[in-house]
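These notes concern the structure reproduced below.
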Amino acid sequence: MSASDGVLRMREGAWAVRAVSGVWRWRHNPLCRATDRREAWLALGALLLVLVVAPAVGRFCGVLTDSALRDTIREQHAHRHRAGAVVLSISPSPVAFADDPESGVTPATRQMVTAGWKAPDGSDRHGTVPVAAGVHKAGERVRIWIDDRGAVAPRPMDVPTAHIHAGLAGTGAFVLTAGVVEALRRAVLRCMVRRRYARLDRAWAMVGPDWGRAGTGS
């Protein structure tokens, strides 16, 4: 944790403590209704959940995702291998490839070539594979990724990309948890307001018929 994160956490904690003390003093205010106190405690509880529970959930999901992706990386490197291939023919025009979701490689212009290579069992294979732009003639050697059967495979995921995906997963879990807490707070608050209006309607139904009549209620 960086120094700025530590200072931010200290400020958030101090703000929460001041909020708790303020609510605790406010409960003795003669102008404060019971419903006001309940709404204040509801808001404070939701705030504490967002400050404490949501970060914990985000961290847990991030760590869990990172561990799962590390297992995936180990499995991919165990079953994918670099192999040398000989270019047999070249596609007439290069192709722009999008980001590789596993390796995190940025978009690049590549060439489609027909190449031949040796499978792990020693058999000859050939097929169309994408290679970096710059291959000019048949007979050049290129490096490709193949699986245990000798088929062309995507490049394995790397550790920095796994960290990025884990961070995004943790951030998404934090935002989702905070959103759920806020949605629940709003739902509970809506129910509380409806109950308050229902009580007001019942009280008005009892008092309303005598409203403005002289001598009523005496």
Side-chain angles (χ1 to χ4, degrees), residues 1-79 98-107 154-204:
M1 180 184 294
S2 62
S4 59
D5 293 337
V7 172
L8 181 60
R9 289 292 181 88
M10 292 178 61
R11 290 180 177 176
E12 290 177 349
W15 190 90
V17 171
R18 289 195 298 269
V20 172
S21 60
V23 172
W24 187 257
R25 291 193 302 269
W26 188 40
R27 64 191 178 92
H28 297 296
N29 191 328
L31 299 179
C32 177
R33 300 170 298 181
T35 54
D36 295 330
R37 289 192 294 270
R38 286 194 289 268
E39 291 178 8
W41 283 113
L42 175 64
L44 180 60
L47 175 63
L48 293 178
L49 288 176
V50 170
L51 294 179
V52 177
V53 176
V57 172
R59 179 176 178 79
F60 174 77
C61 290
V63 171
L64 194 64
T65 303
D66 187 70
S67 177
L69 291 178
R70 284 179 177 272
D71 293 339
T72 301
I73 291 174
R74 285 191 290 268
E75 182 179 357
Q76 288 179 350
H77 279 278
H79 298 285
D99 292 351
D100 187 343
E102 291 189 350
S103 63
V105 177
T106 56
R155 178 181 177 180
M157 181 183 294
D158 52 26
V159 175
T161 303
H163 289 333
I164 293 175
H165 289 330
L168 292 176
T171 303
F174 166 77
V175 173
L176 179 61
T177 303
V180 169
V181 170
E182 175 62 15
L184 291 176
R185 185 193 71 84
R186 289 175 178 268
V188 174
L189 181 62
R190 189 177 297 110
C191 292
M192 294 172 64
V193 171
R194 288 178 178 176
R195 292 179 58 185
R196 180 196 303 170
Y197 287 164
R199 287 195 298 268
L200 290 174
D201 290 339
R202 289 194 298 268
W204 180 254

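Both backbone and side-chain heavy atoms feed into the values below; hydrogens, waters and symmetry mates do not.
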Rounded to the nearest 0.5 Å, how far does CZ of Arg194 lie from CG of Asp201?
13.0 Å

List, one per line, each side-chain donor-acceptor pair under 3.5 Å for residues 47-69, sequence neighbours excluded.
| residue | atom | partner | partner atom | Å |
| --- | --- | --- | --- | --- |
| Thr65 | OG1 | Cys61 | O | 2.7 |
| Asp66 | OD1 | His163 | ND1 | 2.9 |
| Asp66 | OD2 | Arg70 | NE | 3.1 |

Heavy atoms of Pro156 and His77 approach each other most closely as CB-NE2, 3.7 Å

Please list, chain by chain and in numerical order, all residues satisfying salt bridge (charged side-chain N to carboxylate O under 4.0 Å, His left out) with Glu182, sequence neighbours excluded.
Arg185, Arg186

Sorted by chain and residue number, the salt bridge (charged side-chain N to carboxylate O under 4.0 Å, His left out) partners of Asp71 (sequence neighbours excluded) come out as Arg74

